[in-house]
Number of protein chains: 2
Amino acid sequence: MRHARLPASEEIAIEDVFHALSDPFRLEIVRRLAVEGEASCQALEGDRPKSSVSHHFRVLREAGLIRTRNEGATRMNALRREDIDRRFPGLLSCVLSARNS
Amino acid sequence: MRHARLPASEEIAIEDVFHALSDPFRLEIVRRLAVEGEASCQALEGDRPKSSVSHHFRVLREAGLIRTRNEGATRMNALRREDIDRRFPGLLSCVLSARNS
DNA sequence: TCGATAGTTCGATATTTTTCGAACTTTGGC
DNA sequence: GCCAAAGTTCGAAAAATATCGAACTATCGA
């Protein structure tokens, strides 16, 4: 398996973060990871085909928002809280507390 | 001139805001408006054709980030600071203090 | 009234994203 | 070794965005 490019904390670009969060499904993933701590891709997929789910996780990973670790045959995803907070203080807490309507 | 749809503060959707800010040119516009207070479209265009500039201002307007007021033949644009702060506390200050590298 | 200036709108093309099936990889269990 | 489970990758097609010229609108000044 080729290794996914994970930007270092200082390399996280705010445009990429914004783009990643502009999709409702990805935003939902981020919010759930914030609550659940870690989760497999499958645990968060909402009836979507796995290639689509994989695509969205990749966007989040490449933007620097999540980290993925292998646990046997499954991958556990987690928010990169400290990294994001260090790079963009306040952003995550704003995203997580923002409510619709 | 048809009236541009401006979402009310409570109607501002975070996905739309993120999408609007995911473009480097639009992000730059927001940052400059934060510093300059008000500016015409032309003052912020960077050699782009005016139809493109107009498009980007429209995306910002429809996302709820800026407000445009007519002043004679020109339009003055301003950040909707209070509205954004009320709707998503911390977001704007995070955007404005985030620096590249 | 005639320009000139500042934007907007329209339409067409180009670029980027999204979506999803099929084939492939990796790991664990039998 | 073989099979199932969990993802990834590839490729193609669909959808959304961006770009830009041309025509149009509104306002100010001479």
Side-chain angles (χ1 to χ4, degrees), chain A residues 1-6 13-30 32-33 36-79, chain B residues 1-6 13-30 32-33 36-79:
Chain A
M1 174 186 128
R2 228 168 303 146
H3 220 51
R5 25 264 177 269
L6 254 228
I14 200 158
E15 287 94 337
D16 294 344
V17 170
F18 285 152
H19 169 249
L21 296 176
S22 69
D23 179 274
F25 178 47
R26 292 192 295 254
L27 187 59
E28 177 64 20
I29 290 174
V30 165
R32 293 193 47 186
L33 286 179
E36 304 179 17
E38 264 195 331
S40 65
C41 299
Q42 166 177 256
L44 300 185
E45 92 191 19
D47 275 346
R48 287 175 178 72
K50 40 193 206 158
S51 52
S52 296
V53 174
S54 188
H55 163 72
H56 289 295
F57 273 93
R58 190 220 276 244
V59 172
L60 289 170
R61 215 179 295 122
E62 295 187 346
L65 286 166
I66 67 173
R67 147 186 33 248
T68 303
R69 130 185 116 73
N70 287 10
E71 179 160 319
T74 106
R75 281 142 218 231
M76 293 306 271
N77 304 282
L79 256 189
Chain B
M1 175 188 127
R2 228 170 302 146
H3 220 50
R5 27 261 176 273
L6 255 224
I14 200 159
E15 287 94 337
D16 293 344
V17 169
F18 285 152
H19 168 249
L21 295 176
S22 68
D23 179 274
F25 179 45
R26 291 193 294 254
L27 187 59
E28 177 64 19
I29 290 175
V30 166
R32 293 192 51 185
L33 286 180
E36 304 179 17
E38 264 194 332
S40 65
C41 300
Q42 166 178 252
L44 300 184
E45 93 191 18
D47 274 349
R48 287 175 177 73
K50 42 194 205 156
S51 51
S52 296
V53 174
S54 187
H55 163 71
H56 289 296
F57 272 93
R58 190 221 276 240
V59 171
L60 289 170
R61 214 179 294 123
E62 295 186 345
L65 286 165
I66 68 174
R67 151 184 32 247
T68 303
R69 128 185 117 74
N70 287 8
E71 178 161 318
T74 106
R75 287 153 209 219
M76 294 305 273
N77 303 283
L79 257 189

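All values below were derived from every heavy atom in this structure, side-chain atoms included, with hydrogens, water molecules and symmetry-related copies excluded. So you know, we letter chains A, B, ... as the sequences are listed, proteins then strands, and number each from 1.
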Could you list, one pair per line, each protein nitrogen or oxygen that sits under 3.5 Å from a nitrogen or oxygen of nucleotides 17-21 of chain D, together with the distance?
residue : atom : partner  : partner atom : Å
dA18(D) : OP1  : Arg26(B) : NH1          : 3.2
dA18(D) : OP1  : Arg26(B) : NH2          : 3.0
dA18(D) : OP2  : His55(B) : NE2          : 3.1
dT19(D) : OP2  : His56(B) : NE2          : 2.6
dG21(D) : N7   : Ser51(B) : OG           : 3.1
dG21(D) : O6   : Ser51(B) : OG           : 3.1

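- Remark: Thr68(B) pairs with Arg61(B), Asn77(B) by the side chain to side chain donor-acceptor pair (under 3.5 Å) rule, at least two apart or across chains.
- Rounded to whole Å, atom P of dT16(C) lies 16 Å from atom CZ of Arg58(A).
- The distance from the CD atom of Glu62(A) to the CG atom of Asp16(A) is 9.0 Å, given to the nearest 0.5 Å.
- Ranking dA6(C), dG7(D), dT9(C) by closeness to the Thr74(A) side chain, first place goes to dG7(D).
- Using a 4.0 Å cut-off, no side-chain N or O of Arg75(B) falls inside it from OP1 or OP2 of dA26(D).
- Rounded to an integer number of Å, the gap from CG of Leu60(B) to C1' of dT8(C) is 16 Å.
- Distance, Met76(B) CE to dT8(C) P: 13 Å, rounded to whole Å.
- Thr74(B) and Ser40(B) make their closest contact through OG1-CB, 4.3 Å (heavy atoms, listed as atom of the first residue, atom of the second, distance).
- Here Leu79(B) contributes atom CG and Glu36(B) contributes atom CD; the two are 11.0 Å apart, rounded to the nearest 0.5 Å.
- Not counting sequence neighbours, the partners of Phe18(A) by the ring-ring contact (aromatic ring centres under 6.0 Å, His included) test are Phe18(B).
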Per-pair distances, 0.1 Å, donor-acceptor, side chain in residues 42-56 of chain A, under 3.5 Å, sequence neighbours excluded:
residue  : atom : partner  : partner atom : Å
His56(A) : ND1  : Arg26(A) : NH1          : 3.1

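- Contact annotation: the side chain of Leu65(A) never approaches that of Leu33(A) to less than 4.5 Å [non-hydrogen atoms, C-beta and beyond].
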Between the protein and nucleotides 28-30 of chain D, are there any N/O to N/O pairs under 3.5 Å, and if so, what are the atom names and distances?
none

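- Nucleotide dT27(C) holds its C1' atom 15 Å from the CZ atom of Arg69(A), rounded to whole Å.
- Look at CZ on Phe57(B): it is 17 Å from C1' on dT9(C), rounded to the nearest Å.
- Taking atom CG of Asn70(A) as the reference point, atom C1' of dT8(D) lies 11 Å away to the nearest angstrom.
- Rounded to a whole Å, the NZ atom of Lys50(A) is 9 Å from the C1' atom of dT8(D).
- A search for side chain to side chain contact (heavy atoms under 4.5 Å, CB included) contacts involving Glu38(B) returns Arg69(B), Met76(B), Ala78(B), not counting sequence neighbours.
- What you find for Leu60(B) and Val30(B) is that their closest heavy atoms are CD2-CG2, 3.8 Å.
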